[in-house]
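What follows is a single structure, written as structure tokens, with notes after it.
Keep in mind that the numbers below use all heavy atoms, side chains included, and drop hydrogens, waters and symmetry copies.
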Amino acid sequence: MHQWESHLPSQEPKGHLFRLTNLQFRYADGPQALSGIDLEIAADDRIALVGQNGSGKTTLIKQLCGLLLPDAGNVSFKGQDLRNGHLERSRLEIGILFQDPDDQLFGHTVIDDVAFGPSNQGLASEDARQVAQQALQRVHLADKAYQAPHRLSFGQKKRAALAGLLATNPAVLLLDEPTTNIDPRQEQVFLDLLAAFKGTLVCVSHDLLFLYELCRRAVVMENGSIAHDYAMNDLVAQRSELRSHGLDFSFRLMPIDNGEKNGGPAETRLAEAQRESASAPPMLELRGYHFRYPDGTRALTGIDLSVPVGERIAMVGENGAGKTTLLACLLGLLEGNGTYLFEGRPVTRRIRRDLWRNIGMVFQDSADQLFCPSVGEEVSFGLKQLGVSKNEIRERTQEALSLVHLKGFEQRVPLHMSGGERKRLALACVLAMSPRLLILDEPSAGLDPQGEEQLLSILGELDVTLLMVSHDMFFVDALTRRTVVMHRGSIIQDLPTDAFFKDSRLSNLNGLAYSFRQRCGKAIRELQHQHEHSHHHRHLHAHPHEHDDVVHDHLHKHDHAHRHRFLHSHPGEEQEHRHASRQYHDHPHAGEHGVHDHNHNAPKGDHKHSGEHGPHDHDHTGHDKTPHDRSHK
């Protein structure tokens, strides 16, 4: 097969690949998006660009590829301003993967899309298609080469878009939320491809476990500015720093307490509702249900599904398993063949038109269901369609906004809100209509860790029948009692959520196992454990130095924080885990500190020392003085 190598010039930059200097950018009629950005990116850097929703991450990577030009300041690439002719040439070396793959797929077939970039670089048509076929093989989509892109699943579209970038052999990859809404198997494909990528990588994501595996450096953005520039290990190790930036994902590293999940007030109310309706028919029931798209593609086969009142169900499966199609049928947006009963009655055409009054859905992308000029009008819109009185609209709007922690936002413009706020607003719009069944399609998609934790708390308190489609196994475990597993358009298993997580066969079959996440989570917990139990030491050093041929000593006081590895045990499960952390104590130092450079004109205590400290002997009360492997006995 034809092996293609980039014909683009391979000149190496001196010192840096990108340099951003005092970068400023404001969207038309909008707030300041970027302010005072100073950043250098070296060749082969692997950078995680992190921050809360609305912090300016996506705007910044669009500056790096020239899709947006700065209002002030400068962006240079390989030593030249990223403008005019240099910008046009550089675009052939810089690839950007958008969060929504539909923004960059436009061909009649998948191979047309992937071949577009190589053709634009000057390859002959046949050579470009051979390169495209190679790229599709790398992302495991060779069998989809001649399908229309809109017929692919979301995860397949993301892989097709990535293939289009890889086919151009770029020097730089800019990625915007590459793992959003894709199943674990496809996530692993992305991870493997990006880990093998030899160029410079800048990845925007809220998924810090994925970033930990992929990146060495973390640039944190806040309010359009760069707040910090860390080594990745240093960022994830410090929960206080993560929390201060709204990035603390550590709640995902803790085991789920199923007692809390099944014992809260909302759960009690739902259990009562189930007991009261035990003799009643299920709220919703499908029997032998099928659906085929107009082009003949079979999407659902023999679906049997029952949703009792008060149930909390997760629907899981690989991208393309049929989950979204099934939701569309339940909502009445699509009509298949077979039995569909709602509250025991067959869903006729007339009943299908009114299903929206009883079934509410929060979409993956909340922008798909927000269209009013203000938050208050957005929440009241559905109530007006229901014919609710003005007083009741006012009361229910306030109640819904309060429930999702958006009280006081009535006059805000939805499009000017953060992604997490829009997601909660979409939820408020649905909850205000008091749906009998609440459907959530990937509720955690696109949220920063703070938004995820907040949404998790809100959803855990709702006393509504719930059906949630998600690849986020943490949300599945935390919020549901029953899991329905779909595969190739069929339901292959319907079992308690606890049993689902114990069944490795199901996880492997559907690509739902998170092996790298478990590995990264364990490593990050250890880093955080070490950091949280570091000890601050105060000690004195004697430093000889010379004045007018007279040698004498000065004593200098120094504070140091040292991480320690020590073996500790916990006598019982009820015993509280305690360490005497962050306490100052004196200790001897083995070995000499050597000669240190001093600036005697510096303020007292402001001295620079060359060299490393030698080994330290410590006496830690309550800890075994042996190397710490953090194994708990």
Side-chain angles (χ1 to χ4, degrees), residues 265-266 269-270 272-274 276-277 280-284 307-312 327-328 330-333 340-345 347-417 420-441 443 454-455 457-468:
R269 291 192 294 270
L270 288 172
E272 292 173 355
Q274 285 182 302
E276 292 173 0
S277 61
M283 176 185 293
L284 180 154
V307 181
V309 173
E311 187 60 281
R312 301 175 74 88
L327 294 187
L330 295 179
L331 288 164
L333 300 177
Y340 180 11
L341 305 176
F342 188 81
E343 295 183 330
R345 296 181 299 167
V347 176
T348 61
R349 182 165 298 180
R350 182 183 64 80
I351 291 177
R352 181 174 287 105
R353 286 198 304 265
D354 287 338
L355 284 174
W356 64 273
R357 295 175 178 270
N358 296 290
I359 303 177
M361 178 171 170
V362 178
F363 299 160
Q364 282 185 28
D365 186 351
S366 53
D368 291 341
Q369 62 192 112
L370 300 177
F371 46 82
C372 291
S374 72
V375 167
E377 292 172 277
E378 199 74 70
V379 179
S380 65
F381 179 84
L383 297 173
K384 291 177 181 177
Q385 312 313 307
L386 290 174
V388 176
S389 68
K390 289 184 178 181
N391 285 340
E392 189 175 352
I393 286 177
R394 185 163 49 252
E395 291 174 3
R396 288 168 69 169
T397 296
Q398 290 299 312
E399 182 181 355
L401 289 175
S402 179
L403 189 64
V404 299
H405 306 164
L406 289 177
K407 190 174 182 180
F409 279 59
E410 290 81 359
Q411 301 306 315
R412 293 277 297 274
V413 178
L415 293 181
H416 293 171
M417 295 164 65
E421 290 168 343
R422 288 199 299 268
K423 181 79 76 172
R424 286 184 280 133
L425 173 57
L427 178 60
C429 293
V430 173
L431 293 178
M433 298 172 67
S434 302
R436 301 289 310 283
L437 172 65
L438 175 63
I439 296 178
L440 305 174
D441 193 2
Q454 190 171 35
L455 183 64
S457 174
I458 292 168
L459 295 176
E461 290 299 313
L462 295 180
D463 57 349
V464 64
T465 306
L466 180 69
L467 177 59
M468 180 178 72

Find the distance between [atom1] ([X]) and [atom2] ([Y]) and round it off to the nearest 0.5 Å.
| X | Y | atom1 | atom2 | result |
| --- | --- | --- | --- | --- |
| Met468 | Ile439 | CE | CD1 | 12.5 Å |
| Glu461 | Leu403 | CD | CG | 9.0 Å |
| Arg424 | Leu455 | CZ | CG | 8.5 Å |
| Gln385 | Met433 | CD | CE | 8.0 Å |
| Asn358 | Glu343 | CG | CD | 6.0 Å |

Which atom names give the shortest non-hydrogen contact between [X] and [Y], and what distance separates them?
| X | Y | result |
| --- | --- | --- |
| Cys429 | Leu370 | SG-CD2, 4.3 Å |
| Arg312 | Leu462 | NH1-O, 3.2 Å |
| Val347 | Leu341 | CG2-C, 4.1 Å |
| Leu431 | Val404 | CD1-CG1, 4.4 Å |

query: According to the salt bridge (Lys or Arg N to Asp or Glu O under 4.0 Å) rule, which pairs have a member within residues 351-363, sequence neighbours left out?
result: Glu335-Arg352, Asp354-Arg357
- request: May I ask you to test the Leu330-Leu437 pair for a side-chain heavy-atom distance under 4.5 Å?
  value: no
field: Any Leu427 side-chain heavy atom under 4.5 Å of Leu438 side chain
entry: yes
List, one per line, each side-chain donor-acceptor pair under 3.5 Å for residues 395-402, sequence neighbours excluded.
| from | atom 1 | to | atom 2 | distance (Å) |
| --- | --- | --- | --- | --- |
| Arg396 | NE | Ala432 | O | 3.0 |
| Arg396 | NH1 | Glu392 | OE2 | 2.8 |
| Arg396 | NH2 | Ala432 | O | 2.9 |
| Arg396 | NH2 | Ser434 | OG | 3.4 |
| Thr397 | OG1 | Ile393 | O | 2.7 |
| Gln398 | NE2 | Glu410 | OE2 | 2.8 |

List in chain and number order the residues that pass side chain to side chain donor-acceptor pair (under 3.5 Å) with [X], two or more places apart in sequence or in another chain; answer none if no residue qualifies.
| X | result |
| --- | --- |
| Arg422 | none |
| Gln369 | none |
| Ser457 | none |

Which side-chain N or O atoms in residues 359-368 pair as donor and acceptor under 3.5 Å with protein atoms at least two apart or in another chain?
| from | atom 1 | to | atom 2 | distance (Å) |
| --- | --- | --- | --- | --- |
| Gln364 | OE1 | Asn181 | ND2 | 2.5 |
| Asp365 | OD1 | Ala367 | N | 3.0 |

Please output the side-chain donor-acceptor pairs of residues 373-384 that fall under 3.5 Å, not counting sequence neighbours, one pair per line with the distance.
| from | atom 1 | to | atom 2 | distance (Å) |
| --- | --- | --- | --- | --- |
| Ser374 | OG | Glu377 | N | 3.3 |
| Ser374 | OG | Glu377 | OE1 | 2.8 |
| Glu378 | OE1 | Phe371 | N | 3.0 |
| Glu378 | OE1 | Cys372 | N | 2.8 |
| Glu378 | OE2 | Phe371 | N | 3.2 |
| Ser380 | OG | Gly376 | O | 3.1 |
| Ser380 | OG | Glu377 | O | 3.2 |

message: Could you go through Arg436 and Val309, starting from their C-alpha distance and side-chain angles, then the distance that decides it, and tell me whether this counts as side chain to side chain contact (heavy atoms under 4.5 Å, CB included)?
response: CA-CA 8 Å; Arg436 301 289 310 283; Val309 173; 4.2 Å; yes
statement: For Leu333, the side-chain contact (heavy atoms from CB on, under 4.5 Å) test, sequence neighbours excluded, returns Ala328, Leu331
Pro435: side-chain contact (heavy atoms from CB on, under 4.5 Å) partners, not counting sequence neighbours: Val430
message: Arg394: which residues meet the salt bridge (Lys or Arg N to Asp or Glu O under 4.0 Å) condition with it, sequence neighbours left out?
response: none
field: Any pair counted as ring pair (Phe, Tyr, Trp, His ring centres under 6.0 Å), so long as it reaches residues 392-411, sequence neighbours left out
entry: none
